[in-house]
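Every chain is numbered from 1 and lettered A, B, ... according to where its sequence line falls, protein lines coming before strand lines. Because the structure is predicted, anything quoted here is derived from the model rather than measured.
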Amino acid sequence: MLLWLIPLFPLAGFAINGIFGRRFPKALVNAVAVGSVLLSFLWVLKTLAAGAPLNGPITERYFTWIQSGTLSIGVDMTVDRLTAVMLLIVTGIGSLIHIYSIGYMAHEGGYYRFFAYMNLFMFFMLTLVLAANYLLLFVGWEGVGLCSYLLIGFYFDKKFATDAGNKAFIVNRIGDFGFSLAAFLIFRQFGSLDFSVVSGQAAGAPTAMLTAIGLLLLLGACGKSAQIPLYVWLPDAMAGPTPVSALIHAATMVTAGVYMTARSWPIYVHAPQAMETIAIIGTATAFFAATIGLAQNDIKKVFAYSTVSQLGYMFVGVGVGAFSAGIYHLMTHAFFKALLFLGSGAVIHSLSGEQDMRHMGGLRGKIPWTFWTMMCAAVAIAGVPPFAGFWSKDAILLAAHAHAPWMYWAGTVTAGLTAFYVFRAMFLTFFGSYRGNHHPHESPAVMLAPLAVLAALSLAGGWLFKVPEFLSAVFPAQEVPEDAGLMAISTAAGLIGIAVAYLMYVAKPALADSFADGFKGLYWLVYNKYFVDEIYDAAVVAPVVDGSRAVLWKGVDAGLIDGSVNGIGARCRNLGSVLRLWQSGNIRSYATWVLVGAVVMIVAIGMAGGAR
Amino acid sequence: MDQHLLTIVLAAPLAGLLVLLFLPSKSKSLIRVWANIASLAGFAVSLPLVWKFHVGAPGFQFVERADWIPSLGAHYLVGIDGISLLLVMLTTLMGFVATLCSWSGVNDRLKEYYAMFLLLQTGMIGVFISLDFFLFYIFWELVLVPMYFIIGVWGGPRKLYAAIKFFLYTLAGSVLMLLGILTLYFQHYSQFGFYTFEISQLMKLQLPLGVQQWVFWAFFLGFAIKVPMFPFHTWLPDAHVEAPTAGSVILAAVLLKMGTYGFLRFSLPLLPQASMDQTIVRVLAALSIVGIVYGALVSLMQKDWKKLVAYSSVSHLGFCTLGIFSLNPNGIAGSVLQQINHGISTGMLFLVIGVIYERRHTREIAEYGGLAHVMPRFAKIFAFAMLSSAGLPLLNGFVGEFTILQGAFEANRIWAVFAVTGVILGAAYLLWLYQRTMLGQVTNPKNLGLPDLNFRECAVFAPLVVWAIWIGVYPKPYFDLLRQPVTEIVERVKPGYFAQAAAVGGTDDRFLSSVTARGRADARLDRLTIGPQVANLPHKTGTSVGTSAGVAGRSACSTLPCGGAR
């Protein structure tokens, strides 16, 4: 099936543009970058067609990568239905975003560099998805992290961009700490890192071991998928170009944690405590991030916190055992969140870089295509039936209710908040009157076409692609009773959120400010993102930095160790300079010493004799 | 011819040195060209070692033996196994890279400069190929002298302090090591009735644990200072900061490996009981872990570019020693591979510093910023070196680190937990360094007109870049090469490690079924491949469903007793 060709196309694109891109005209850079991703997409389609109906995994083994002592890890790739869904999302959305980028990046410096990084990202993301064992998955996992770092810091002139890149990389490394240890434990338990071995033997493994593995993997997933407590890097990651936010920080890379968790279902189903932890973290993150999203003024920040929140939903899904619902939401979220980001990119593009919604407004008539496509995404994320988000969110919430009703209620409240902040953003951007001083202009067709495709997917993708049915062959069956009442409640929550947003930002704009005044303390707390960054700085970063400088370097290294080394040196020199006096070469001084010695000896002997 | 190959490799730099001495001191370009030819030739003559080496054959190869001082029992005895082969190749390649990178940086006393490097080259190769303790010690001490002069003559402002510190520190260690050697020497006489420094003879000694421990600590001081392990590392930052670029490259890439090599070649095989003594293993592992974390944290805070990389070496070498004292195949193989990796990655990082130092004559990080604008090619190379050093998968560092950590984890989970934090910090100090020097806007006008890398400078990096990718993508040949010597060391320290594995395990199918049947939390599963049959494993190709091919050829598995380290 030549699965390796799927990631190879973008890798080739990266190599060509990376090496020669500087000298290429833009059209050629485009052709290489977009062409390679499209080829990859076509190859995915061909592969899936050839492999249909994919009832079992198809594995291809290429060569042994690491073989040492007890370790043997191959470069092996596998396709099953879960992989198929991920492949289609990654290459499909990836293609659209690459096309969009042609228009968005047209006037930016470092054009070839941008596309080279994007292609490299595709290579690693596809490796991650196709990997047949945890270590190869980790290759992709680290690789996408690298590309994320490179693209967040794409505008490397700006300190906040490079800071954000560093933060993303290092926070992800903290997650990788968990992932690495999980890999060691998996190897100790199963003697292999292959998914197939793990899934075959997980049932017989002790629960404590599986729980430990599950929790450590979860730490990794929390880093990559921006969950509490490691979510802090994702909002800052918006410093990168908007297509990057859409592709990496919304649609694909950040969902890798969800994918990895779903891929590890054989471990998790036997580790209920780990599952419970996932579900709780997911619920908490979904709610917590949504509240921060309520008060942001930067349009991309709103969607960034929204992404954190929506990833929380996916975690709830996999945490309560509804793996397919989690993946379902992963897919619909990829549609509507990519669209929201690309749409906000089009808005920013049309306003020559303005991101603050307080300087927008009334753009509905000026950039209608952008408005209407974004509206499709907004209704989809708000869970309005029958659009994409409705299906997947309900699948998760119903499963959550069957697991623990409080999670359902927390999720429903979050759904209301979600609808509110998304429509707040929509209303602030597109309704009312224009508050800025740029000349808004509609984006070129090359940017609008991907928006249109994503809009269609946001509207129809939910009932068009019934992921849970497709994945029923992969995941263990889970009986979730249909409950029209619960569905109605969560849908109503979304509608109420929209209505409140309309009331506060269109019908009676003064209401928003008086509301903020009324709950000043709370607003202040939310507006400042609960000061989590500041707390982390004070509790983790500062002690490490100051401790390393003052205690370890100045104290231990320069003071204690080098001090004693130099001290020994100095002692030796002092001793030497004293001893040197004895060897002055001066005959008279020697004679004196002989005399002194003789006297001392005589006296000593005399005293010894006298004593007797 | 083959039996003289090692002697040729050893003598090649000396031959180059001999010719160099007759060149007129005035004609600098002639000296430069000749030195580069000589060091390239030194690398070229070492290449046949690679393809003539029999992977998987036990013991040493290319052995050459001659009596030297019969009355003392000292021999000229050289030979290599997989471990020393890798280190010799690293030495010859880095020797050439270091010579090439000095092309425009050094103008002073050129003849002496290159002479020192060629002499150093012979000394280092000698250390890695000697199988006689007397010979080994001579080469070990020989290395000190040229390095002392390289730092002391061609170094920076505090060169004398650094050179003397380097010399005394290392000498103090090696004097104690000499006492250890002599202890073995006389013990051998009392047990066998004749004097010899031959390692293979000394390995026959039956030493009481007390004596072994004594000798171990004596060796330890010599090797630990060289590595350097915490807390014997403070000579390293000073030496690196003051040394010229090529000196730093060789120091980091090769010289430090003499210490780790010493542990592998001498401490472990000669003093097996001491090496798996609980206390000793715990102390060594603890010092390694402290080195990993401490080195990284101190590195984070450095204001001097070179000092930062120097402290990162302490951290990386901590991984190497941790791997060694995991005392299992993964730990040791990973350690050797990581020694090579450190040579490549840190070698590149020092070359990067050399490039910029040559242009600006300062290593203050605060002097830089935004260099990616003026030197884009340089920025790419530096980024590559950084990622290779930070252990990004598909580059060399990851493979070594992962294997070491796997080995450490097998030995003691807590070690691995602490050591993995070093991986986080490793990313932190490198990324921060990169941000401060390369990213942002050019704030210092002195950096505006800096020329990008020229062809020669790219050529310096090229072989290292290629090597880093090779090890990262396809490290299997290295593991194949290391399997035999590593097996011998483990078997020596923990006799029966593999036999027990084989006895309990059995065939593949039994392996799988036994795992499923057992599934205990503490089931310590070690699937092993012993000996050369592994090298002939059919490559895994084609399509298969399930697990079969991945497990093929794994001959044994077991529940092992947990040896020394828990």
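- Here the closest non-hydrogen pair linking A:S68 and B:P329 is OG-O, 4.1 Å.
- The closest side-chain heavy-atom distance from B:R413 to A:L185 is below 4.5 Å.
- A:D163 touches chain B through backbone and side chain together, each having a heavy atom under 4.5 Å away.
- In this structure, chain B has a heavy atom under 4.5 Å from the side chain of A:Y149, while its backbone stays farther away.
- Chain B is approached within less than 4.5 Å, heavy atom to heavy atom, by A:S548, A:R549, A:L552, A:W553, A:V556, A:D557 from residues 547-558 of chain A, ordered by number.
- In this structure, the side chains of A:F169 and B:L430 stay at 4.5 Å or more apart for every pair of heavy atoms.
- Under the 4.5 Å side-chain criterion, counting only non-hydrogen atoms from C-beta, A:R173 is not in contact with B:L425.
- Looking at A:V565 and B:Y169, their side chains come closer than 4.5 Å, going by heavy atoms from C-beta outward.
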Original post:
Given the rule in the side-chain contact (heavy atoms from CB on, under 4.5 Å) test, do A:F156 and B:M438 qualify, once you have shown the distances and angles that lead to the verdict?
Top reply: CA-CA 9 Å; A:F156 63 86; B:M438 307 306 289; over 6 Å; no
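- Taking the six-membered ring for Trp, B:F402 and A:F184 have ring centres closer than 6.0 Å.
- Interatomic distance, OG1 of B:T234 versus CD1 of A:I561, reported as 6.5 Å (0.5 Å rounding).
- Taking B:G331, B:P475, B:A428 one by one and counting their heavy-atom pairs under 4.5 Å with chain A, the maximum is reached by B:P475.
- Using a 4.5 Å cut-off between heavy atoms, B:Q441 contacts chain A through both its backbone and its side chain.
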**OP:** Carefully, step by step, assess B:V423 and A:D176 under the rule side-chain contact (heavy atoms from CB on, under 4.5 Å).
**Re:** CA-CA 9 Å; B:V423 179; A:D176 297 345; over 6 Å; no
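- Counting only heavy atoms from C-beta outward, the side chains of A:F124 and B:L394 approach each other to under 4.5 Å.
- In terms of heavy-atom pairs under 4.5 angstrom with chain A, the leader among B:T421, B:L439, B:L387 is B:L439.
- The contact between A:L146 and chain B is made entirely by side chain atoms (from C-beta outward), counting heavy-atom distances below 4.5 Å.
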**OP:** Let me see the working for A:T162 and B:W432 under side-chain contact (heavy atoms from CB on, under 4.5 Å), right down to the final yes or no.
**Re:** CA-CA 9 Å; A:T162 53; B:W432 197 28; over 6 Å; no
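- For chain A, the nearby part of B:L300 is the side chain; its heavy atoms alone come within less than 4.5 Å.
- By the 30° and 60° cut-offs, the orientation of the rings of A:F63 relative to B:Y474 is perpendicular.
- The choice from B:V417, B:L482, B:T403, B:V490 that makes the most heavy-atom pairs within less than 4.5 Å of chain A is B:V417.
- Among all heavy-atom pairs drawn from B:K380 and A:G18, the shortest one is NZ-O, 4.1 Å.
- Contact of B:V442 with chain A is not made at all, since no heavy-atom distance falls under 4.5 Å.
- Between A:D562 and B:K165 the shortest side-chain heavy-atom distance falls below 4.5 Å.
- Scanning for salt bridge (Lys or Arg N to Asp or Glu O under 4.0 Å) contacts around A:K158 gives an empty result, with sequence neighbours left out.
- In this structure the side chain of A:R22 reaches within 4.5 angstrom of the side chain of B:P376, judged on heavy atoms.
- Ranked by heavy-atom pairs shorter than 4.5 Å toward chain A, the options B:P231, B:G370, B:A333 are led by B:P231.
- If you take CD1 on A:I174 and CD1 on B:I424, they are separated by 5.5 Å, rounding to the nearest 0.5 Å.
- No other option in B:D238, B:V298, B:I332 has as many heavy-atom pairs under 4.5 Å with chain A as B:V298.
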Original post:
Can you check side-chain contact (heavy atoms from CB on, under 4.5 Å) on A:V75 and B:V473, steps first, answer last?
Top reply: CA-CA 10 Å; A:V75 173; B:V473 175; over 6 Å; no
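- Of the two parts of A:V139, the backbone and the side chain both hold a non-hydrogen atom closer than 4.5 Å to a non-hydrogen atom of chain B.
- Of the inter-residue distances, the one linking B:Q406 atom CD with A:L193 atom CG reads 7.5 Å to the nearest 0.5 angstrom.
- Highest contact tally toward chain A, considering only B:N330, B:L297, B:V420, is held by B:N330 [criterion: heavy-atom pairs under 4.5 Å].
- One finds the CD atom of B:E401 at 9.5 Å from the OG atom of A:S180 (value rounded to the nearest 0.5 Å).
- In terms of heavy-atom pairs under 4.5 Å with chain B, the best-connected choice from A:F138, A:W65, A:Y155 is A:W65.
- For the pair A:I66/B:K476, no side-chain contact is recorded, criterion being any heavy-atom separation below 4.5 Å from C-beta on.
- More than 12 heavy atoms of other shown residues, nucleotides or ligands fall within 6.0 angstrom of atom OH in B:Y161.
- For A:F195, no part sits under 4.5 Å from any heavy atom of chain B, backbone or side chain.
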